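Below you'll find the structure, written out as structure tokens, and then a few comments.
For the numbers below, each heavy atom of this structure counts, side chains included, while hydrogens, waters and symmetry mates do not. Order of the sequence lines sets the chain letters (A, B, ...), proteins ahead of strands, with each chain counted from 1. Please read all numbers here as calculations on a predicted model, not as lab measurements.
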Amino acid sequence: MPSLEAYVTCLAFEVGSGRIAGVANRHVHQQRSLPPLIAVVGPTAIGKTALGIHLARAFDGEILSADSRQFYRRMEIGTAKPTREEREQAPHHLIDVADPDETVGLAQFLRLARRTLQQITARGRLPLVVGGTGQYVRALLEGWQVPEVPPDPDLRARLEREAEGDPDAVWQRLVTLDPAVPDFIDPRNVRRVVRALEVSLKTGQPFSVLRRRTPPPYRILRIGLTMDREALYARADARVDAMIAAGLLDEVKDLLARGYGWELPALSGLGYAQFRPFFAGQASLTDVIERIKFDTHDFIRRQYTWFRLNDPAIRWCQADAPDLQPRATEAVRSHLGIPDTDLDSA
RNA sequence: GCCGAGAUAGCUCAGUUCGGUAGAGCAGUGGACUGAAAAUCCAUGUGUCCCGAGUUCAAUUCUCGGUCUCGGCA
């Protein structure tokens, strides 16, 4: 019953918000001086884009997309990128900032996002972080300090080859350099073992001590969108069918024709990678569609581990409630400290 | 109508060779995550083994009867 629980959380927040004024005045003043930031989070296909645009229009805001796949140009349909019409309704950032053969990782995202946030705020406009890439959103809102170690493809390839032969040796090597690593990395996850080793080798410092965070200088309101799981799956499935109808296959063909390969991170995303067996003659289009749907369900489940229904920092709202927009608008208004009358007259 | 094959987890099926109440893949569910993150990795399988009767200490497994499904022939 995640939906009901979430709904209750939502109500609890409205009721409880008055309490904040009573606590530690100095702290409140300090917080008040920080510029506001709104984040709209939640699983894929739940309606974050639409709500983001609605809020941006209502509050003179600009949208910062926290979506690891919408960075890439020529990938419109499969990434469910906001359409041209949608983007005309409010300024959008961090969409179409790279070609598919480039790799925009966490660190680049954070750099771009922090700068963009600053600029939006400097313009006197309200920044809205809208996105479903859990790691990126959390990193941005929690102020993760990512170790300054760019990926080294050669080193990674070498370590991966080594791990293929003797995974334990590679793991032991990492543990020697960083004894704390078993607390947060699974030895069987070669990808993460290799990265940790990469950082430790290049910096000479344990990976674990380089993972720091400094809270960003904003007063943040997190609005979470949720919905009954089954209904959400149905909605996501329908969106996949709509993507196919909109020409997803042609979009993939076009990317391949331009020489973009399956090994690229951009092509590893939902709605793209699943076409690989199809082009290898090993799967029908029907198989591909089903695969995309199942993988999307899996993704939704994993997104909830980044955005938890019991996270008190997130104000969860039912995405399919008829009063979602007024409710969200009210939440933002109260966060900004704007009296009702100001908005009504505007 | 006849002949054959089958009926086992939500789905597709394996299996019980020599009877001791069952297991894979997919689906579903939970989790990890600090420069690939829509990636990568981990954990999680009690279901009238179609129904009835018989044999037996014991049947999902053997026997008989029935029901249904799918082929083939009429």
Side-chain angles (χ1 to χ4, degrees), chain A residues 2 43-45 65-72 75 78-81 98 100-113 131-153 155-157 160 163 167 171 178 180-196 198-200 202-203 205-214 229-230 232-233 236-237 239-240 243 262-275 287 290-310:
Chain A
T44 196
S65 163
D67 186 304
S68 67
R69 304 292 147 165
Q70 293 182 359
F71 297 149
Y72 302 107
M75 303 180 71
T79 61
K81 209 180 271 181
D101 57 352
E102 297 177 87
T103 301
V104 181
L106 175 63
Q108 290 101 314
F109 166 77
L110 286 175
R111 269 198 294 273
L112 288 169
T133 301
Q135 188 198 34
Y136 290 9
V137 171
R138 292 270 298 266
L140 182 62
L141 301 186
E142 293 169 4
W144 292 7
Q145 302 300 311
V146 177
E148 290 287 326
V149 182
D152 178 341
L155 178 63
R156 286 184 179 190
E160 269 164 31
W171 171 248
D178 186 350
V181 105
D183 294 340
F184 61 99
I185 295 180
D186 188 311
R188 291 164 294 195
N189 194 342
V190 175
R191 194 106 122 194
R192 303 215 56 246
V193 171
V194 166
R195 154 99 288 229
E198 179 178 59
V199 172
S200 299
K202 295 243 170 178
T203 60
Q205 290 181 74
F207 184 48
S208 57
V209 310
L210 296 169
R211 311 180 330 143
R212 301 209 178 85
R213 49 179 74 172
T214 44
R229 193 64 66 88
E230 216 174 318
L232 179 55
Y233 284 177
D237 288 351
R239 191 172 74 167
V240 172
M243 286 175 176
W262 294 114
E263 72 289 347
L264 293 169
L267 276 280
S268 73
L270 277 171
Y272 298 92
Q274 291 79 10
F275 277 99
D287 294 336
E290 191 184 38
R291 220 338 95 207
I292 296 175
K293 289 177 180 174
F294 288 153
D295 287 351
T296 302
H297 300 173
D298 186 46
F299 177 47
I300 288 170
R301 266 175 257 139
R302 284 180 290 121
Q303 280 177 304
Y304 274 103
T305 69
W306 288 102
F307 310 121
R308 289 182 187 288
L309 291 173
N310 61 9

Using a 3.5 Å distance criterion without hydrogens, assess whether the side chain of Lys202(A) forms a donor-acceptor pair with backbone atoms of Glu148(A).
no
Could you tell me how far apart Met75(A) (CE) and A38(B) (P) are, to the nearest whole angstrom?
12 Å
Would you indicate whether the side-chain heavy atoms of Pro147(A) and Thr203(A) approach each other to under 4.5 Å?
no
If we call it a pair only when both distances are under 3.5 Å in a Watson-Crick or G-U wobble match, what pairs with A32(B)?
U40(B)
Should Arg308(A) be listed as having a side-chain N or O under 4.0 Å from OP1 or OP2 of G31(B)?
yes
Considering only NZ, NE, NH1 and NH2 on the basic side and carboxylate oxygens on the acidic side, decide whether Asp152(A) and Arg156(A) come within less than 4.0 Å.
no
What integer distance in Å separates Ile292(A):CD1 from C26(B):P?
18 Å
If you take atom types as modelled and just measure distance, does the side chain of Asn189(A) reach the base of A32(B) with a donor-acceptor pair under 3.5 Å?
no
Round to the nearest Å and state the distance from Tyr304(A) atom OH to G28(B) atom P.
15 Å
Is there a side-chain contact between Leu270(A) and Phe299(A) (heavy atoms, below 4.5 Å)?
yes
For A36(B), does the base pair up with any side-chain atom of Glu160(A) as donor and acceptor (N or O, under 3.5 Å, distance only)?
yes
Indicate whether OP1 or OP2 belonging to A37(B) is found under 4.0 Å from a side-chain N or O atom of Tyr136(A).
yes
Asp237(A) side chain near His297(A) side chain, heavy-atom distance below 4.5 Å:
yes
Looking for any heavy atom pair under 4.0 Å, which part of the strands does Glu148(A) touch: base, sugar-phosphate only, or nothing?
base
Donor-acceptor pair present, Arg156(A) side chain and A36(B) base, under 3.5 Å:
yes
What does Phe207(A) touch in the nucleic acid at a heavy-atom separation under 4.0 angstrom: a base, only the sugar-phosphate, or nothing?
sugar-phosphate
Between Arg302(A) and G31(B), is there a contact of a side-chain N or O with OP1 or OP2 at under 4.0 Å?
no
Both distances under 3.5 Å, Watson-Crick or G-U wobble: report the partner of U48(B), or none.
none
In whole angstrom, give the distance that lies between atom CZ of Arg301(A) and atom C1' of U40(B).
16 Å
Under a 4.0 Å threshold between the charged nitrogen and the carboxylate oxygen, would Asp295(A) count as salt-bridged to Arg291(A)?
yes
Nearest to the side chain of Arg291(A), which nucleotide is it out of A27(B), A37(B), A38(B)?
A27(B)
May I ask you to say whether Glu290(A) pairs ionically with Lys293(A), meaning some side-chain N is under 4.0 Å from a carboxylate O?
no
Per atom distances to the His297(A) side chain, the nearest of C33(B), G28(B), G35(B) is G28(B)
Paired nucleotide for U17(B) [Watson-Crick or G-U wobble; both distances under 3.5 Å]
none
For nucleotides 42-44 of chain B, tabulate all protein N/O to nucleotide N/O atom pairs closer than 3.5 Å, reporting atom names and distance.
| residue | atom | partner | partner atom | Å |
| --- | --- | --- | --- | --- |
| C42(B) | O3' | Arg188(A) | NH1 | 3.4 |

Nucleotide opposite C70(B) in a Watson-Crick or G-U pair, distances under 3.5 Å:
G4(B)
When you measure from the side-chain N and O atoms of Ser68(A) to the phosphate of A38(B), is any distance below 4.0 Å, counting only OP1 and OP2?
yes
For Tyr233(A) and A27(B), what is the distance between atoms OH and P respectively, to the nearest whole Å?
11 Å
Specify the separation, in whole Å, of atom CD of Glu230(A) and atom C1' of G28(B).
11 Å
Answer yes or no: does a side-chain N or O of Thr305(A) lie under 4.0 Å from OP1 or OP2 of G31(B)?
no
Between C1' of U29(B) and CZ of Phe299(A), the distance in whole Å:
18 Å
Mark yes or no: Arg211(A) above the aromatic ring of Phe184(A), with NZ or CZ under 6.0 Å from the six-membered ring centre and no more than 45 degrees from the axis.
yes
Of the nucleotides A32(B), U29(B), C26(B), which has the atom closest to the Arg229(A) side chain?
U29(B)
Can you tell me how far P of U40(B) sits from CG of Asp298(A), to the nearest Å?
10 Å
